[in-house]
Amino acid sequence: MTHHPVWVIHHYDSVTSTMEVASRFAGFGARERTVVVGTEQTAGRGRGGRPWHAAAGSAVFATLILRPPVAAHRLSTLPLIAGVAIAEAIERIAGCSASLKWPNDVWLGADPNFTKVAGILVTTSLRGDGVEHALVGIGINVLGSAHDLPPGATTIQAATGVTTTPNAVLHDVLERFDEGYVAFVASNGRPPLDTWLARAALLGEVVSLEDAGQPRTGTYVGIAEDGGLLLQEPGHPVRKVVAGDLVRGPRVSSEPG
């Protein structure tokens with residue numbers, strides 16, 4: 001166990017999933033701002049249960065334990081706060097710009113050749129209308145070749161030529177996340193999202209996604225205060241979508257993500 005000025009970090013050489021370990025810690029009463037980190041993750045999962053693979057020592061595998069004093073329905077901006085923290089850390093370390101794909105991916109590269117470098121997964125445990133704890137899972141590909149990853153994915157090293165360590169990236173992310181999290185709590189879960197929107201990939205373009213099983217296509221016009229995507233469908237009022245897999249264009253394509 002190590003200590004950061006704000007965070008208590010539990011580091012393991014190998015875990016099945018940092019989310020799994022963090023869930024047990026949270027259930028045993030681990031304090032807010034506890035972090036579980038693995039050098040290797042053997043059964044990591046991303047959004048929708050998708051597997052997250054990366055070689056041992058090549059990536060950030062971490063889960064943050066939070067106990068925000070906000071109502072459960074106010075947690076929806078947490079993935080965006082985490083996305084900004086990751087983007088800012090990568091930008092500082094690698095001297096490049098990062099883009100954010102709604103709702104929980106970080107992309108590197110120039111349009112139209114975006115590649116995914118990081119993903120975020122938030123799960124919650126509720127007590128009535130309140131939050132028992134929230135787990136923010138973070139995966140960031142740091143070292144190695146993009147050829148070792150699934151199509152559409154990259155690493156900081158492959159995309160920018162900058163060699164750093166997963167530890168250095170994690171510590172930078174934690175510093176930046178803490179700033180965003182303070183604003184999140186102070187605003188009762190409704191912090192300004194300008195820094196996220198400034199990096200929003202595909203904003204202003206025609207996009208497609210599924211909304212509660214219903215396919216939708218329209219122009220991506222912005223983000224609501226709760227983090228929902230605002231979609232302008234032809235002939236309809238602007239609609240807020242709260243979850244879905246976003247792709248460019250009027251039909252499903254092979255965008256990373």
same_hphob_cluster([X], [Y]) at 4.5 Å side-chain heavy-atom cutoff:
X	Y	value
Val142	Val162	yes
Val21	Leu135	yes
Val6	Val169	yes
Leu66	Leu126	yes
Val207	Leu230	no

At what distance, to the nearest 0.5 angstrom, does [atom1] of [X] lie from [atom2] of [Y]?
X	Y	atom1	atom2	answer
Lys116	Asp105	NZ	CG	3.5 Å
Leu197	Thr195	CG	OG1	9.0 Å
Ile140	Thr155	CD1	OG1	12.0 Å
Arg33	Trp7	CZ	CH2	6.0 Å
Thr42	Phe61	OG1	CZ	10.0 Å
Ile81	Leu193	CD1	CG	6.0 Å

Strictly below 4.0 Å, N to O, side chains only: are [X] and [Y] in salt-bridge contact?
X	Y	result
Arg67	Glu132	yes
Asp226	Arg74	no
Glu20	Arg24	yes
Glu91	Arg199	yes

Donor-acceptor check, side chain of [X] to backbone of [Y], threshold 3.5 angstrom: yes or no?
X	Y	answer
Thr154	Thr115	no
Thr77	Leu80	no
Gln41	Val15	no
Asn104	Ile120	yes
Ser17	Met19	yes
Ser145	His147	yes
Glu88	Arg92	no
Thr160	Ile156	yes
Ser208	Gly249	yes

Can you tell me which residue among Leu202, Leu209, Leu203, Asp245 is in a side-chain contact (heavy atoms from CB on, under 4.5 Å) with Trp102? Leu209
Please report the shortest heavy-atom distance between [X] and [Y], naming the atom on each side.
X	Y	answer
Ala30	Ile65	CB-CD1, 4.0 Å
Pro166	Val60	O-CG2, 3.3 Å
Tyr220	Gly222	CE1-O, 3.5 Å
Ala98	Ala87	CB-CB, 3.9 Å
Asp172	Ala89	CB-CB, 3.8 Å
Trp196	Lys101	CZ2-C, 4.3 Å

The test is salt bridge (Lys or Arg N to Asp or Glu O under 4.0 Å); show your working for Arg239 and Glu233 and say whether it passes. CA-CA 8 Å; Arg239 177 189 301 274; Glu233 297 174 280; 2.9 Å; yes
Taking C-beta and beyond as the side chain, do [X] and [Y] meet within less than 4.5 Å on heavy atoms?
X	Y	result
Val37	Tyr12	no
Asn113	Trp107	no
Leu246	Leu229	yes
Leu108	Cys96	yes
Ile138	Val173	yes
Asn141	Leu149	yes
Gln157	Ser58	no
Pro112	Arg248	yes

List the steps, then state whether side-chain contact (heavy atoms from CB on, under 4.5 Å) holds for Thr217 with Val206. CA-CA 7 Å; Thr217 296; Val206 173; 3.8 Å; yes
How far apart are the C-alpha atoms of Leu78 and Tyr181, what are their side-chain angles, what is the distance that settles it, and do they pass the side-chain contact (heavy atoms from CB on, under 4.5 Å) test? CA-CA 8 Å; Leu78 260 184; Tyr181 184 62; 4.3 Å; yes
Working for side-chain contact (heavy atoms from CB on, under 4.5 Å), residues Val221 and Leu231: CA-CA 6 Å; Val221 295; Leu231 188 71; over 6 Å; no
Kindly determine whether Val106 and Phe114 satisfy side-chain contact (heavy atoms from CB on, under 4.5 Å), including the steps that lead there. CA-CA 9 Å; Val106 183; Phe114 290 124; over 6 Å; no
